[in-house]
Amino acid sequence: MTEVSQHSWLLLLYSLPKKRNTARVAVWRRFKKIGAIQVKTSTYLLPDQPAQYEHFQWLAQQIRDYGGDATLVRAQEIEGISDEKLVALFNRARDQEFGEVKKALQAFLARRKKSAAEIAVSELERLTRQFREISDVDFFQSPRGHDVQMLLRRAEGSSLRKLSRLDPKNYRGKTWTTRPRPEIDRVGSAWLIRKYIDPQAKFVFATTPPSSGEAIAFDMVDAEFSHHGDCCTFETLVRRFAIDDKAVRKIGEMIHDADLEDAKFQRAECIGIDRVLKGWGKGGMRDEEILRHGFECFDGLYEFLQRR
């Protein structure tokens, strides 16, 4: 699990005249645009960074111009709310915004073949613009942002190239890297790696792929082992390493439907596991523990499918 370091925070406390409804809406829209989080009535929060400080300074002046009052405060801690909870508030807000783009992208991919080329290009540009606007205020790298970025790569068609088969013997005793707070595709892929590719695999967690080449990235943007074409990462690994197992193929279909939410295989069995994994993550369980317990879930599912 990635540790949350001590942060400094900016709080903007403000008031506006009761009858200035237009001003109130304008201020609310500005708070939303800059990614601020409401922590109390008429109190908004941002991480203490130069760009965010400038945003709050500008907004404080705008509030005063509307006839209101505004006070900008810098704080090292907020009594009663830990840094972890504050970061979680920002990520929850970004998760919701990214989630809306994700649904729109999934709908776009489902109907793309039926849309005129010009309309499809325009819609993809609009969705890409929305993603970038949210990313600009994604201060703590919301997990949903990575999911949407991989969907965008898929929509752009950049991952449709033919991928060669690989020999597992060349991938033994390696360190494998994926994103923190692992969910269904990442946990399932790690289970598959340990079971069929690299029995001594070590797993570490990072928000960006390693640049040194010392670790093998999976389920990360632009990684070799990630979403490709219509495949989730688990399916990509199965194809790249030519894993021929009926139970694994069924698990891949379940993970695909739970992760991509496109009902391609009409399999709902892993949706429950995905929610459990998400719950463990939100409850503060360490990334390594999520993997360990997740492996037990997949071991049980595999044994069940083997006996059917």
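All of these numbers come straight from a predicted model, not from anything done at the bench. The first residue in the sequence is number 1, and the count goes up from there.
Residues Leu11 and Ala75 share a closest heavy-atom pair of CD1-CB, 3.9 Å. The minimum heavy-atom distance linking Val221 with Met150 is given by the pair CG2-CG, 3.8 Å. In terms of heavy-atom proximity, Ser189 sits nearest to Leu237 at CB-CD1, 3.6 Å. Shortest non-hydrogen contact noted between Pro180 and Ala206 is CD-O, 3.4 Å. The shortest heavy-atom contact between Ala263 and Asp257 is C-OD1, 3.7 Å. The shortest non-hydrogen separation linking Phe131 to Gly145 is CE1-O, 3.5 Å.
Screening residues 29-56 for salt bridge (charged side-chain N to carboxylate O under 4.0 Å, His left out) gives Lys32-Glu97, Asp48-Arg74 as the qualifying pairs, with residues at least two apart or on separate chains. Applying the salt bridge (charged side-chain N to carboxylate O under 4.0 Å, His left out) test to every pair with at least one member in residues 55-70, sequence neighbours left out, gives no pairs at all. Counting only residues at least two apart or on different chains, the side-chain hydrogen bond (donor to acceptor under 3.5 Å, both in side chains) pairs with a member in residues 272-284 are Glu183-Lys278, Asp274-Lys278.
Between Asp138 and Arg94 there is no salt bridge, since no side-chain nitrogen of the basic residue lies less than 4.0 Å from a carboxylate oxygen of the acidic one. Salt bridge absent: Arg92 and Asp95 never bring a charged side-chain N and a carboxylate O closer than 4.0 Å. At a threshold of 4.0 Å, the pair Glu269-Lys250 does not count as salt-bridged, since none of the basic side-chain nitrogens sits closer than that to a carboxylate oxygen. Contact check on Asp185 versus Arg179 returns no salt bridge, with no Lys/Arg side-chain nitrogen under 4.0 Å from an Asp/Glu carboxylate oxygen.
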**OP:** Applying side chain to side chain contact (heavy atoms under 4.5 Å, CB included), run through Val187 and Ile273 and close with a yes or a no.
**Re:** CA-CA 10 Å; Val187 173; Ile273 295 178; over 6 Å; no
Subject >> Derivation and outcome, side chain to side chain contact (heavy atoms under 4.5 Å, CB included), residues Arg181 and Ile290 >> reply: CA-CA 8 Å; Arg181 321 316 297 144; Ile290 295 174; 3.9 Å; yes
Subject >> Stepwise side chain to side chain contact (heavy atoms under 4.5 Å, CB included) check, Tyr53 with Leu72 >> reply: CA-CA 9 Å; Tyr53 186 81; Leu72 178 54; 3.5 Å; yes
**OP:** Mind running side chain to side chain contact (heavy atoms under 4.5 Å, CB included) on Leu305 and Met254 for me, showing each step along the way?
**Re:** CA-CA 12 Å; Leu305 294 171; Met254 297 172 190; 3.9 Å; yes
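Val276 is not connected to Ile271 by any chain of hydrophobic side-chain contacts under 4.5 Å among Ile, Leu, Val, Met, Phe, Trp and Tyr, and they are in different clusters. Cluster membership for Leu13 and Ile81, using ILVMFWY side-chain heavy atoms within less than 4.5 angstrom, is shared. Two different hydrophobic clusters hold Leu260 and Ile251 under the rule that ILVMFWY side chains link at heavy-atom gaps under 4.5 Å. One hydrophobic cluster, built from ILVMFWY side chains closer than 4.5 Å, holds both Phe304 and Ile255. Placement of Trp28 and Leu46 within a single hydrophobic cluster is found when ILVMFWY residues are connected by side-chain heavy-atom separations under 4.5 Å, directly or transitively.
Within the 4.5 Å cutoff, the side chain of Pro182 has no heavy atoms near those of the Leu277 side chain. Counting only heavy atoms from C-beta outward, the side chains of His228 and Arg239 never approach each other to under 4.5 Å. Counting heavy atoms from C-beta outward, Thr128 and Arg132 have side chains that approach closer than 4.5 Å. Within the 4.5 Å cutoff, no side-chain heavy atoms of Phe234 are placed close to those of Phe218. Contact check for Ser82 versus Glu77: no side-chain heavy atoms found under the 4.5 Å cut-off. Between Gln106 and Asp262, the closest side-chain pair of non-hydrogen atoms is not below 4.5 Å. Between Tyr302 and Val248 there is a side-chain heavy-atom pair separated by less than 4.5 Å. Contact check for Lys195 versus Asp245: no side-chain heavy atoms found under the 4.5 Å cut-off.
A donor-acceptor pair under 3.5 Å links the side-chain atoms of Glu235 to the main chain of Cys232, judged by distance alone. Panel note: side chain Ser42, backbone Ser15; no donor-acceptor pair is recorded below 3.5 Å. Using modelled atom types, no side-chain atom of Arg186 and backbone atom of Met220 make a donor-acceptor pair closer than 3.5 Å.
To the nearest 0.5 angstrom, Arg240 atom CZ is 6.5 Å from Tyr171 atom OH. Note that the CG atom of Asp259 and the CG atom of Asp219 stand 6.5 Å from one another [nearest 0.5 Å]. Of the inter-residue distances, the one linking Leu12 atom CG with Leu59 atom CG reads 5.5 Å to the nearest 0.5 angstrom. For the atom pair Ile184 CD1 and Cys270 SG, the distance stands at 4.5 Å (nearest 0.5 Å). Considering CD of Gln96 and NZ of Lys102, their distance stands at 14.5 Å, rounded to 0.5 Å. Summarising the geometry, atom NE2 belonging to His146 is positioned 12.0 Å from atom NE2 belonging to His227; distances are rounded to the nearest 0.5 Å.
Ring geometry for Phe90 versus Trp9: interplanar angle under 30°, hence parallel rather than tilted (30 to 60°). Ring pair Phe203/Phe295 is perpendicular by interplanar angle, where above 60° counts as perpendicular and below 30° as parallel.
Considering Gln266, Arg267, Lys264 as possible partners of Glu253, the one that fulfils the side chain to side chain donor-acceptor pair (under 3.5 Å) test is Arg267. Each of Thr43, Val39, Leu45, Val73 was checked for a side chain to side chain contact (heavy atoms under 4.5 Å, CB included) with Ile78, and the lone residue meeting it is Leu45. Each of Leu152, Asp147, Ile134, Leu151 was scored for a side chain to side chain contact (heavy atoms under 4.5 Å, CB included) with Val101, with one residue passing: Ile134.
By the 6.0 Å contact criterion, CZ on Arg24 is enclosed, its count of non-hydrogen atoms from other residues, nucleotides or ligands being greater than 12. Within a 6.0 Å sphere centred on CG of Asp167, other residues, nucleotides and ligands contribute more than 12 heavy atoms.
The distance between the ring centers of Phe225 and Phe241 falls below 6.0 angstrom. Remark: aromatic rings of Phe139 and His7 are distant, center separation not under 6.0 Å.
Phe298 meets the ring-ring contact (aromatic ring centres under 6.0 Å, His included) test with Trp191; sequence neighbours excluded. Ala23 meets the side-chain contact (heavy atoms from CB on, under 4.5 Å) test with Arg20, Tyr66; sequence neighbours excluded. Annotation: side-chain contact (heavy atoms from CB on, under 4.5 Å) contacts of Glu296 (sequence neighbours excluded): Arg292, His293.
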